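Have a look at the structure below, then the notes.
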Amino acid sequence: MAVTIVVFAFLASTISTLAEKVTLNDVLFSGGYEFIDLTHPYDNNTVYWPGHQKFTFTKKIENIQEDKSWYAAKEFSAAEHGGTHLDAPYHFLQTGDYVGDIPLEKLIVPLIIVDVSSIANDDANFVLYKHHLDYLLNYNSGQPCILIFKFGWSKYFHDRNKYLGIGIDQKSLNFPGLSVEVAQWITTSYKNVVGIGVDVASVDPGSVKELAVHKILSRAGLYNMENVKLDRAIPDHGCTALVMPMKIAAGTGAPLRLVAICPKPKPDNF
Ligand SMILES: [Zn+2]
């Protein structure tokens with residue numbers, strides 16, 4: 001009996017020692033995970049909101065020095081709200097957090113993808129309602145998380161007129177978005193959701209003038225991610241998001257590098 005107890009005690013201490021030695025690096029670089037970039041690049045083709053300054057290199061030095069060595073340096077300027085970017089709560093709430101205030105605990109979080117692209121079916125007038133999302137209830141584990149809605153719009157990002165649905169008047173916009181109903185439902189029923197992303201230019205549908213969804217999400221303390229690049233398959237849950245905006249201290253928004261760390265699909269055993 002005494003021997004059995006000693007053996008169990010030895011096994012227990014060995015297992016706990018092994019468990020302590022497993023680091024996040026061991027998990028991430030085990031070969032079982034992949035890093036997926038959900039970010040559009042910043043260049044001449046990056047989509048900005050009408051009237052906002054596009055991404056521009058204001059200064060370029062690229063030359064060979066007298067000692068034959070190469071030297072290159074550039075300066076850029078751009079509006080906060082263009083390309084893949086983050087909206088801070090301050091964007092629509094005077095007392096809300098600036099970009100630089102958002103804590104890392106809200107920026108490295110589980111990621112849930114809500115793929116409604118087959119329901120949206122390329123319809124620029126599509127608006128997402130609560131009844132499209134009922135299955136999400138199954139994933140409400142209580143952990144902090146972000147939701148990213150896929151309308152299937154990233155494929156148009158290279159064509160600004162199509163992506164924004166710019167009308168012949170050159171002023172009106174038309175692309176899918178969330179309804180007020182969905183924004184209210186998320187902020188009241190899912191207190192663990194810290195941010196909302198979309199693969200279109202705004203969380204509000206393009207055709208609306210009153211940006212009600214922005215206001216509801218800001219007032220609840222959520223941040224938004226707009227123009228998310230979703231042009232490949234990605235698991236709808238089980239990924240971790242790295243939401244890394246440029247840390248503009250008093251920013252209402254900022255360029256965003258958005259990455260998902262996802263378990264690789266298991267190969268079929270056939
Ligand atoms: Zn924005």
Side-chain angles (χ1 to χ4, degrees), residues 37-43 45-56 76-102 106-107 109 111 114 124 127-128 146-151 153-154 156-157 160 163-166 171-180 182-183 186-187 193-230 241-259:
D37 197 341
L38 305 179
T39 317
H40 289 292
Y42 281 87
D43 56 28
N45 298 317
T46 306
V47 174
Y48 278 78
W49 199 252
H52 286 214
Q53 187 190 341
K54 292 183 168 186
F55 178 84
T56 316
F76 69 85
S77 59
E80 294 168 320
H81 300 271
T84 304
H85 72 279
L86 180 137
D87 289 350
Y90 181 73
H91 192 28
F92 279 88
L93 180 69
Q94 196 173 4
T95 55
D97 279 350
Y98 292 129
V99 175
D101 296 331
I102 302 172
K106 288 188 174 182
L107 297 174
V109 287
L111 164 64
V114 185
V127 177
L128 183 69
I146 58 172
L147 304 181
I148 296 185
F149 294 89
K150 179 178 181 178
F151 292 100
W153 235 244
S154 290
Y156 300 132
F157 192 78
R160 183 172 183 273
Y163 186 76
L164 294 176
I166 295 175
K171 287 181 182 167
S172 59
L173 304 177
N174 201 25
F175 53 80
L178 310 181
S179 62
V180 165
V182 161
I186 291 168
T187 52
V193 176
V194 296
I196 298 292
V198 287
D199 62 346
V200 286
S202 170
V203 287
D204 281 279
S207 58
V208 302
K209 298 280 181 286
E210 161 76 4
L211 300 177
V213 171
H214 271 89
K215 291 171 186 170
I216 292 166
L217 298 176
S218 282
R219 283 174 193 152
L222 276 67
Y223 59 80
N224 304 324
M225 295 149 285
E226 293 168 328
N227 299 320
V228 173
K229 180 170 173 271
L230 282 176
L242 305 181
V243 183
M244 296 288 117
M246 183 191 289
K247 193 173 178 180
I248 304 176
T252 75
L256 169 66
R257 190 67 187 263
L258 181 60
V259 173

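The shown structure was predicted, so the numbers you read here are calculated from the model rather than taken from an experiment. Start at 1 and go down the list; that is how both ligands and their atoms are numbered.
The two residues Val228 and Thr84 make their nearest non-hydrogen contact at CA-CG2, 4.3 Å.
Legend: salt bridge (Lys or Arg N to Asp or Glu O under 4.0 Å) pairs involving residues 205-219, not counting sequence neighbours, sorted by first then second residue: Glu210-Lys215. Legend: salt bridge (Lys or Arg N to Asp or Glu O under 4.0 Å) pairs involving residues 77-89, not counting sequence neighbours: none detected.
Note on the Zn ion (ligand 1): protein N, O or S atoms under 2.8 Å away count 4, no waters included.
Partners of Asp101 by salt bridge (charged side-chain N to carboxylate O under 4.0 Å, His left out), not counting sequence neighbours: none found.
For Tyr163 and Phe175, the ring centers sit 6.0 Å or farther from each other.
His214 and Phe92 have tilted rings, their planes meeting at an angle from 30° to 60° on a 0 to 90° scale.
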